[in-house]
There are 4 protein chains.
Amino acid sequence: MASSESPRTFTETARRAQLIAAAITTVNEIGYHRASLSEIARRAGVAKSAIVYYFSSKEALLLSVVEEVFTRLGDAVAQAVDADADPSAQLLAYARGYLGYVDAHRAEVTAGIEIVVSHRTEDGTPLYLTVSEEDSQLLRGILTAGMDAGAFRRMPLTVAVSLVEALLDVCTTELQRDLDADIEPFAEETVTTLLSAFVVATR
Amino acid sequence: MASSESPRTFTETARRAQLIAAAITTVNEIGYHRASLSEIARRAGVAKSAIVYYFSSKEALLLSVVEEVFTRLGDAVAQAVDADADPSAQLLAYARGYLGYVDAHRAEVTAGIEIVVSHRTEDGTPLYLTVSEEDSQLLRGILTAGMDAGAFRRMPLTVAVSLVEALLDVCTTELQRDLDADIEPFAEETVTTLLSAFVVATR
Amino acid sequence: MASSESPRTFTETARRAQLIAAAITTVNEIGYHRASLSEIARRAGVAKSAIVYYFSSKEALLLSVVEEVFTRLGDAVAQAVDADADPSAQLLAYARGYLGYVDAHRAEVTAGIEIVVSHRTEDGTPLYLTVSEEDSQLLRGILTAGMDAGAFRRMPLTVAVSLVEALLDVCTTELQRDLDADIEPFAEETVTTLLSAFVVATR
Amino acid sequence: MASSESPRTFTETARRAQLIAAAITTVNEIGYHRASLSEIARRAGVAKSAIVYYFSSKEALLLSVVEEVFTRLGDAVAQAVDADADPSAQLLAYARGYLGYVDAHRAEVTAGIEIVVSHRTEDGTPLYLTVSEEDSQLLRGILTAGMDAGAFRRMPLTVAVSLVEALLDVCTTELQRDLDADIEPFAEETVTTLLSAFVVATR
DNA sequence: CATGAATGAGCATTCATTCAT
DNA sequence: AATGAATGAATGCTCATTCAT
């Protein structure tokens, strides 16, 4: 069995990565709800049961994809923000870091978003509701600091978070339309809009 | 047969409306991917085969839901915009009309969005790609006019459309979390952001 | 759907009976734990899904077999006992009624026993533990009355019930070996043993 | 290879005993039909393939459990009977020896019975049919001798054997309900019944 | 001696669809 | 106009077994 607490073997790590990659490809090619175990297995060149061997269920695999993708995205963004102290600069860094990562890792992010949007846990709640609660901590910190400092227009925190996330998702939506799209113009205007929406004009 | 080219009978129209309503309820209650024909039929109080009788397939029913919902939403928005001639006023009316309709028809819109986001056509393309191409004509007109008149910040039209739609979707996303949510604060800030993003300061 | 509260249609009743019969045949031929839905369906000449259509799961079908078999067996025994008032006569009638029914309905009873012995509910408890609690009421009544009247040797009720059931199962075990066995000698000695075990010599 | 004809090594003997013990524990904890190789291996603290290495198949392991358990039970009974020459005394010793061993080795016997009752060989025949044919030799000898000597009530030998085994199984059935049950009352009445069933009153 | 890796056959179940009535 | 009956393809998953190391 592969999902125990014991440290991962070399083969296990490699196989898991391979299967996660196959899952990403599959989701991008045929969409979340047609991405069956056999479709994923076919693309990975392994038997269906190999997936269950390494992840213990289809859901676990998909959740691993999500975790993998958004952990990396979160790390990239955190690192981008790290250099700045000023909320406005941080927000800008956040957006640039986010969009830069998305641009550089189109397939992963696109699949991750698709899964997060489409997947339902056993009780029927969508995944994006479960996931994002803790993941938006950095963003919430920046927004709170900015509003407290008077640098950002004041609004309820949840509203602010939703606005930022909605704007940043413009690019990923575009990528979902076409993985090879030129998102540069979208990214540019997104950033501009973001700043115009939050940063109050200083004299 | 019910799906012929002949004009709809009274019964047929009523039944279709009833089934569309049942589909909306079902999608809201258990989500798109659990909304099977039998679940919908159970809620409508008819046999599964009745759905196929009136809509020829499950997909056709869901597509009808989408068409119904977004046609009405489009009409409401068109009517709201109609009174104004000035692009800035039109954009404001567009947003207010859109958000007002969403607020007043939460269940329909939420279900429509859920379907549009989750459903894939046979070749795997998501529905929201197929649908929105022609439906954004009004918005594109307003934005083009505004940019041509120098009232709006200039940017590529597709980008502008995506930005507006992303911002307007903040409220529907919130409703997907909780159908009874108070979206007033979201709506307010969405409109403010929208205007700040597009309308250039005069003089 | 077929498992609702509504009264059974003619077809439904017939199909259910047919499927129960097929389940009995299958269990007798290849044993409980090889009696898969497809084996049962093959013997019934229907698709696997037809079983799920009429019973909502494999377990429900098997439980229906058990219920059917033991309800009828119980009725037959109750009717046999009904004529007598004296505990000793009742015990004799009980045994004769039981063994007579078993002899006349070999396949049903054999399959019922096999299922009851082998099946486990979701939490792992065997079925014969769940089932027999209430079903032994008649027997318990007879034994209690007999012991209270001094006609039967006195012993704990649960022990008495177990002894009687163990003895009566000698014949069904023999039938499990060979459905066409001559169980007459077994039945005869079972009854003799039963009486010698319980009925105290009068005078 | 481990299953060859060559004499068992020390390690091999120990491993086999360990795996048999794990199989017994597993069957008692989760029942025969959930006792998969991986469950057994987990409880034994070894890999699944280790079981196959020592027993060549799952079935072989289970058969070994049965053989082990019933050989020991048989030996214990044989030893108990050995002291007596008189059929009545021998039957009593047989029963007492049997029930004493069962009481003292609850887990083993319970698991053995569970396997014997539930398992089917490839052609579908239950195991208890295959097993008991030769194992009842001692009992058959006692019963034959007793009947020939006029000490026992005369009846067909197979019937007599079935009756004795059914009565002795009352206690194991009780243990299957609850491994910690107090079977003393059951044992007592079983013996009484056994004697009353077979031993003819001598004047 | 023992394992981790990988498989393939089989499982119960779901579900959109077809069709006779 | 509407249904109940029945299906077959597909799904996620279990598990004994094989095998290279």
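We name chains A, B, ... by the order of the sequence lines, and we start the count at 1 in each one.
Here the shortest heavy-atom pairing between A:N28 and A:A107 reads ND2-O, 3.1 Å.
Under the Watson-Crick or G-U wobble criterion, with both distances below 3.5 Å, E:dT14 is paired with F:dA9.
In this structure, the CZ atom of A:R34 is 14 Å from the C1' atom of F:dA9, given to the nearest Å. Computed from coordinates, the A:L62 CG to F:dG12 C1' distance equals 12 Å when rounded to whole Å. Summarising the geometry, the separation between OH on C:Y53 and C1' on E:dT13 is reported as 16 Å, rounded to the nearest angstrom.
If you check the side chains of C:T9 and C:T11, you find no donor sitting under 3.5 Å from an acceptor. Side chain to side chain, A:H119 and A:E59 meet the donor-acceptor criterion of an N or O pair below 3.5 Å.
Checking the phosphate oxygens (OP1, OP2) of F:dA5, a side-chain nitrogen or oxygen of C:T9 falls inside 4.0 Å. Regarding contacts with the backbone of E:dA6, a side-chain N or O of A:R15 is found under 4.0 angstrom from either OP1 or OP2. Contact check, B:T11 against F:dA1: no side-chain N or O comes under 4.0 Å of OP1 or OP2.
Contact annotation: side chain of B:S49 to base of F:dG4, donor-acceptor pair present below 3.5 Å.
Nearest nucleotide to the side chain of D:V46, out of E:dT13, E:dT3, F:dT17: E:dT3.
Of the residues near DNA chain E, B:A35 and C:E59, the one whose nearest nucleotide (by heavy atom distance) lies more toward the 5' end is C:E59.
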